[in-house]
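One structure is given below, encoded as structure tokens.
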Amino acid sequence: METSRIPGFYNMTVEERRKLLASMDMFTEEDAAYLFSKEPLPIDTANNMIENVIGTFPLPLGMGLNFLINGKEYCIPMAIEEPSVVASASHIAKIVRNNGGFTAEATDRVMTGQIQVVGCADFNEAKAAILNEKAMLLEAANNAYPSLQERGGGAEDLEVRLINEESDSQYGKMLVLHLYVNTCDAMGANMINTMAESLAPVVEELTGGKVYLRILSNYPERCLASARCVIPPELLETGDFSGEEVRDGVIHAYEFAASDPYRAVTHNKGIMNGIDPVVIATGNDWRAVEAGAHAHAARDGMYTSMTTWYKDEQGNLVGELELPMSVGTVGGSIRVHPIAKLAHKLLNVDSARELSQVIVAVGLAQNLGALKALATDGIQKGHMALHSRSVAIAAGATGEMIDMISQRLIDEKEIRVGKAKELVEEYKK
């Protein structure tokens, strides 16, 4: 792909967008057959993915455009039902690319498994016993999943924590072993769980305690991805607002979220508005990513903003986002869901590390889109303009009538289904 900058994409029909992407060699005829099918996820496939299947639940699949990340162009598939998200992220990506785009980094794909031990006669001695046999335990873990080492990953490290050491409750005091595993390009839940299960008998023998839980943690503190952007104020000018006013408004909005959990939870939901659609489109576990992100936001004891926004010495607006990012490019539903496979092809990422970098860049873009709107015309102007179309459709509008009724709802500042139904009846007459 030469560029993710596609002017006028929003104004094209769906068919025109599909033809344009096909002309850019972004998918094959077979891919297109799934994408354009009335049943993009075959019912037989769905029935083998989960239990008690009665159908499928489609989401709109849009394209986040204009993204330039580490010098590479990306058209980013996003599966989401909420209006304005794809448009907002694409708008910010267009601004950021004018100053070199986003920069992003990611650590190795090191996920965390936990083994819970209770009932030790002496927890400190139990901890020492495990650490003394660290090399043996890591070897045993890798023997439980030898193919992972062959791919360059495997169990790399372990730590031991003592929890509730002073507790008087028989249920509170425990030892927890953390097993750190490089899962390469897989999310790695099954790998982690298999390794933790295999170590349970050995850990019981070493500690003299009883192992209960042995499972991965969805807070992978050693599996992080970060994104950064720097924007000169002149690129932020919006209507009657100067670039400096927009910049300062964004920073004030960030400081609110950084200082107040009630604001932070909505602020961070906006970040996840950008992240979740990419995670869903690529067949990854968005619940795990959500859980890890929110845990990271509270890692210092208070729930706070996931992003950081500030002014540098040159007066530029600088944004940064770092999050755990437990995503993969192989395994799980990625290899069986036809649209997930197509999403990976559209993204053209080479590894899970690269995918995690793309995802956090989208989260950072979406956060700035929301803060910029809040600092200028307010969030409702753009959001409700798009929402009005959904209201018109819900009221029974079809074809060209959708745009006409949508515009009337906006003009009359009554974006509600009751009003839309009145307009539908009026147009039918």
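Everything quoted here is computed from the prediction, not taken from an experiment.
A 4.5 Å side-chain heavy-atom check between Asn66 and Tyr74 finds every atom pair outside the cut-off. Inter-residue side-chain proximity for Arg17 and Phe9 is flagged as met; some heavy-atom pair is nearer than 4.5 Å. Residues Asn124 and Glu165 meet the side-chain proximity criterion, which asks for heavy atoms closer than 4.5 Å. Contact annotation: the side chain of Phe241 never approaches that of Leu236 to less than 4.5 Å [non-hydrogen atoms, C-beta and beyond]. Side-chain contact between Gln366 and Val85: present, with at least one pair of heavy atoms (C-beta onward) separated by less than 4.5 Å. Side-chain contact between Glu221 and Val110 is absent, with no heavy atoms from C-beta onward closer than 4.5 Å. No side-chain heavy atom of Gln114 sits less than 4.5 Å from a side-chain heavy atom of Leu179. When side chains are defined from C-beta on, Thr282 counts as touching Leu347, because their heavy atoms get closer than 4.5 Å.
Remark: the backbone N or O of Lys94 is paired with a side-chain donor or acceptor of Asn98 at under 3.5 angstrom. Between the Ser4 side chain and the Phe67 main chain, a donor and an acceptor come within less than 3.5 Å of each other. Within the 3.5 Å criterion, the main-chain N or O of Leu321 finds no donor-acceptor partner in the side chain of Ser226. The backbone N or O of Gln314 sits less than 3.5 Å from a side-chain atom of Asp312, completing a donor-acceptor pair. The main-chain N or O of Ile130 is never found under 3.5 Å from a side-chain atom of Glu133 such that the two would form a donor-acceptor pair.
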Given Arg109 and Ser356, is the side-chain contact (heavy atoms from CB on, under 4.5 Å) satisfied, shown in steps?
CA-CA 10 Å; Arg109 313 298 301 156; Ser356 69; 3.8 Å; yes
With side-chain contact (heavy atoms from CB on, under 4.5 Å) as the test, would you mind laying out the steps for Val349 and Thr329 before giving the verdict?
CA-CA 8 Å; Val349 294; Thr329 53; 4.2 Å; yes
Would you sort out whether Arg5 and Glu73 count as a salt bridge (Lys or Arg N to Asp or Glu O under 4.0 Å), showing the intermediate values?
CA-CA 8 Å; Arg5 180 81 185 97; Glu73 299 278 358; over 6 Å; no
Are Leu409 and Lys419 close enough, and set up right, to give a side-chain contact (heavy atoms from CB on, under 4.5 Å), and what steps lead you there?
CA-CA 8 Å; Leu409 293 172; Lys419 178 64 176 179; 3.7 Å; yes
Criterion salt bridge (Lys or Arg N to Asp or Glu O under 4.0 Å) on Asp108 and Arg353, from CA distance to verdict:
CA-CA 7 Å; Asp108 286 337; Arg353 288 184 67 178; 3.5 Å; yes
Tyr219/His296 under side-chain contact (heavy atoms from CB on, under 4.5 Å): CA gap, chis, key distance, verdict
CA-CA 7 Å; Tyr219 181 27; His296 199 63; 3.0 Å; yes
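Salt-bridge annotation for Lys72 and Glu354: present, with a side-chain N of the basic residue lying under 4.0 Å from a carboxylate O of the acidic one. Note on Arg222 versus Glu159: salt bridge recorded, some NZ/NE/NH1/NH2 to OD/OE distance being below 4.0 Å. Salt-bridge check for Lys269 with Glu82: passed, with a basic side-chain N closer than 4.0 Å to an acidic carboxylate O. A salt bridge does not link Asp168 with Lys173: none of the charged nitrogens is closer than 4.0 Å to a carboxylate oxygen. Under a 4.0 Å N-O distance rule, the pair Asp185/Arg151 does not qualify as a salt bridge.
The line from NE2 of His344 to CD1 of Ile339 is 12.0 Å long, rounded to the nearest 0.5 Å. A distance of 11.5 Å separates CZ of Arg263 from OG1 of Thr304, quoted to the nearest 0.5 Å. In this structure, CE in Met195 is found 9.5 Å from CG in Leu138, a value given to the nearest 0.5 Å. If you take OG on Ser406 and CD1 on Ile415, they are separated by 7.5 Å, rounding to the nearest 0.5 Å. Interatomic distance, CZ of Arg416 versus OG of Ser388, reported as 14.0 Å (0.5 Å rounding).
The local environment of CG in Asp157 is crowded, with over 12 non-hydrogen atoms from other residues, nucleotides or ligands closer than 6.0 Å. The environment of Tyr310 atom OH is dense: over 12 non-hydrogen atoms of other residues, nucleotides or ligands sit within 6.0 angstrom. Heavy-atom contacts from other residues, nucleotides or ligands closer than 6.0 Å to CZ of Arg299 number more than 12. No more than 12 heavy atoms of other residues, nucleotides or ligands shown are found within 6.0 angstrom of CD on Glu105.
Considering all non-hydrogen atoms of both residues, Thr45 and Leu41 come closest at CG2-CD1, 3.8 Å. When all heavy atoms of Ser333 and Gly283 are compared, the closest pair comes out as OG-O, 2.7 Å. For Ala361 against Ile69, the heavy-atom pair with the smallest separation is CB-CD1, 3.7 Å. Closest approach of Ile405 to Ala392, counting heavy atoms only: CG2-CB, 3.9 Å. Shortest non-hydrogen contact noted between Lys345 and Met26 is CG-O, 4.0 Å. Scanning both residues, Asn142 and Ala155, for their nearest heavy atoms gives OD1-N, 2.7 Å.
Among Val117, Leu131, Ile115, the single residue meeting the side-chain contact (heavy atoms from CB on, under 4.5 Å) criterion with Val160 is Leu131.
Defined by atom type and a distance below 3.5 Å, a donor-acceptor pair is present between the side-chain atoms of Ser305 and His267.
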